[in-house]
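To start, the structure under review is shown below, and the notes come after it.
Since the structure is predicted, the reported quantities are computational estimates derived from the model, not experimental observations. So you know, we letter chains A, B, ... as the sequences are listed, proteins then strands, and number each from 1.
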Protein chains: 2
Amino acid sequence: MTTTSGEFALLDETWSSVTPPAARRMLIAAAAAFSVRGYHATTTRDIAAQAGMSPAAVYIHYRSKEELLFQISRIGHATSLAVLTGVSEVDPAGRLAAAVRAFASWHAEYHTTARVVQYELSALTPEHLTEVVELRRRIEAAVRDMISDGVAAGAFDVPDVRGATLAVLSLCIDVARWYRPTGHRTPAEIGDLYADLVLRMVGAA
Amino acid sequence: MTTTSGEFALLDETWSSVTPPAARRMLIAAAAAFSVRGYHATTTRDIAAQAGMSPAAVYIHYRSKEELLFQISRIGHATSLAVLTGVSEVDPAGRLAAAVRAFASWHAEYHTTARVVQYELSALTPEHLTEVVELRRRIEAAVRDMISDGVAAGAFDVPDVRGATLAVLSLCIDVARWYRPTGHRTPAEIGDLYADLVLRMVGAA
DNA sequence: CTTAGACCTAAGCAACCGCTTAGTATGGAG
DNA sequence: CTCCATACTAAGCGGTTGCTTAGGTCTAAG
């Protein structure tokens, strides 16, 4: 486990499915630029310069600037869904805690990608947005199921399951907004803090 | 109490300090446009059209597009700080609950303004950002004081006061991201839900 | 060496951006 | 009436945008 890639060493292959290498470099450059300046404030010249290529090189691999955004959003949503549902614990409290720990710390560790994922939805075309919204629906359903399983097992005390689901997701997602690598909390510490707070919110014994 | 202005009827004078009326109409049009499309995706022509004036009319009342953003951000931050600190309760749990209820429901009721306040900070000039960051510091300090007062009085069980402050503010702020007026929760209901969740987070008896 | 094809660049186009300039309409004071 | 300040618009300027086109360079098979 290195300090830069943290506990997501295996997932640092976020972009490994993107080929050829030049297309991957372009995506990574676009994600970095979008996360710092926002989609609309980023020019195709910015992206190309950061990837070390000419502005026209963008269009060898992607149809448009928006397609770059879509690929980042699609892969980022799929990765965060995998992180959330990839926990192995079986008891309700341990399972929810592990999922929140992983999901929250992913939003810190990969705050660059997460910011694009969470705050640039409105720049997607309607067709691309539809595809991404389906992934978001599955993320929400995963959290809701974990909470209602705990309620059914008598492990949680939750008067409003949908409200609690909303709050848990909201809390984790917002990490992408405020997190700074220079802050004095590591992604793992944020994960631990949030797992504890969420167990208190659902009234776990 | 009307359904549209909710419990913030008196505060619906958010922009009442802005004169003359044409300047106020321009600010409101800009806030609406920025909240829907984002600062960088909004053109001065969009703003002027929504205010029913010509593009040049923007520059009668404001030096630049960025100054419109700054005024929205400054007034919005000041208003949300007033909402947060305007609670009258004295006991720690009641005071924190009332503050969270007011702050969270403000972010729903005025989600248009709140979105600009929370998500367009990076478009401000360094000088304007400095002024707004000072208001944000006071907002954070207000929440932190409420939590540490409760800890000192033995009413809360909080192992990490700064971490809890971060989470409480984060939860309320993120309402501006997900809230939709067409949703089935009213701003007041969101405030009640969040006040309960926050009391659980701080371990109030 | 020739050739095909993948990959990339230099140059630039049409459209659009924030903002400016020059001028018009209005209404109150003298 | 004249004069002037205020509030606005029509037109457009210089610069930037996303994206295209035409052409160059590299690798590897024949």
Tell me, please, which residues at least two apart from A:R25 pass salt bridge (charged side-chain N to carboxylate O under 4.0 Å, His left out). none
Of all residues at least two apart in sequence or in a different chain, which pass the salt bridge (charged side-chain N to carboxylate O under 4.0 Å, His left out) check with B:R180? none
Give the rounded distance in Å between these two atoms: CD1 of A:I60 and P of D:dG23. 16 Å
Rounded to whole angstrom units, what separation is found between the CG atom of B:L69 and the C1' atom of C:dG18? 15 Å
Please report, rounded to the nearest Å, how far the C1' atom of D:dA7 is from the CZ atom of B:R24. 16 Å
CH2 of B:W178 to CD1 of A:I173, rounded to nearest 0.5 Å, is 11.5 Å
Nearest listed nucleotide, side chain of B:S54, among D:dT9, C:dC8, C:dT9: D:dT9
Quiz: residues 46-57 of chain B side-chain donor-acceptor pairs under 3.5 angstrom, not counting sequence neighbours:
from: B:D46; atom 1: OD1; to: B:T43; atom 2: OG1; distance (Å): 3.4
from: B:D46; atom 1: OD2; to: B:T43; atom 2: N; distance (Å): 3.0
from: B:D46; atom 1: OD2; to: B:T43; atom 2: OG1; distance (Å): 3.3

I need the OH-C1' distance between B:Y62 and D:dC8, as an integer number of Å. 16 Å
Residues passing the side-chain contact (heavy atoms from CB on, under 4.5 Å) test with A:L135, sequence neighbours excluded, are A:H77, A:L81, A:R138
Listing time: all N or O pairs from protein to nucleotides 13-19 of chain D that are below 3.5 Å?
from: D:dG18; atom 1: OP1; to: A:T42; atom 2: O; distance (Å): 3.1
from: D:dG18; atom 1: OP1; to: A:K65; atom 2: NZ; distance (Å): 2.8
from: D:dG18; atom 1: OP2; to: A:T44; atom 2: N; distance (Å): 2.9
from: D:dG18; atom 1: OP2; to: A:T44; atom 2: OG1; distance (Å): 3.4
from: D:dG18; atom 1: N7; to: A:R45; atom 2: NH1; distance (Å): 3.0
from: D:dG18; atom 1: O6; to: A:R45; atom 2: NH2; distance (Å): 3.0
from: D:dC19; atom 1: OP2; to: A:Y59; atom 2: OH; distance (Å): 2.7
from: D:dC19; atom 1: OP2; to: A:K65; atom 2: N; distance (Å): 2.8
from: D:dC19; atom 1: O5'; to: A:Y59; atom 2: OH; distance (Å): 3.4

Check this one for me: any side-chain N or O of A:H61 less than 4.0 Å away from OP1 or OP2 of C:dA6? no
With B:E127, which residues qualify under salt bridge (charged side-chain N to carboxylate O under 4.0 Å, His left out), at least two apart? none
Can you tell me how far P of D:dA7 sits from CE of B:M53, to the nearest Å? 11 Å
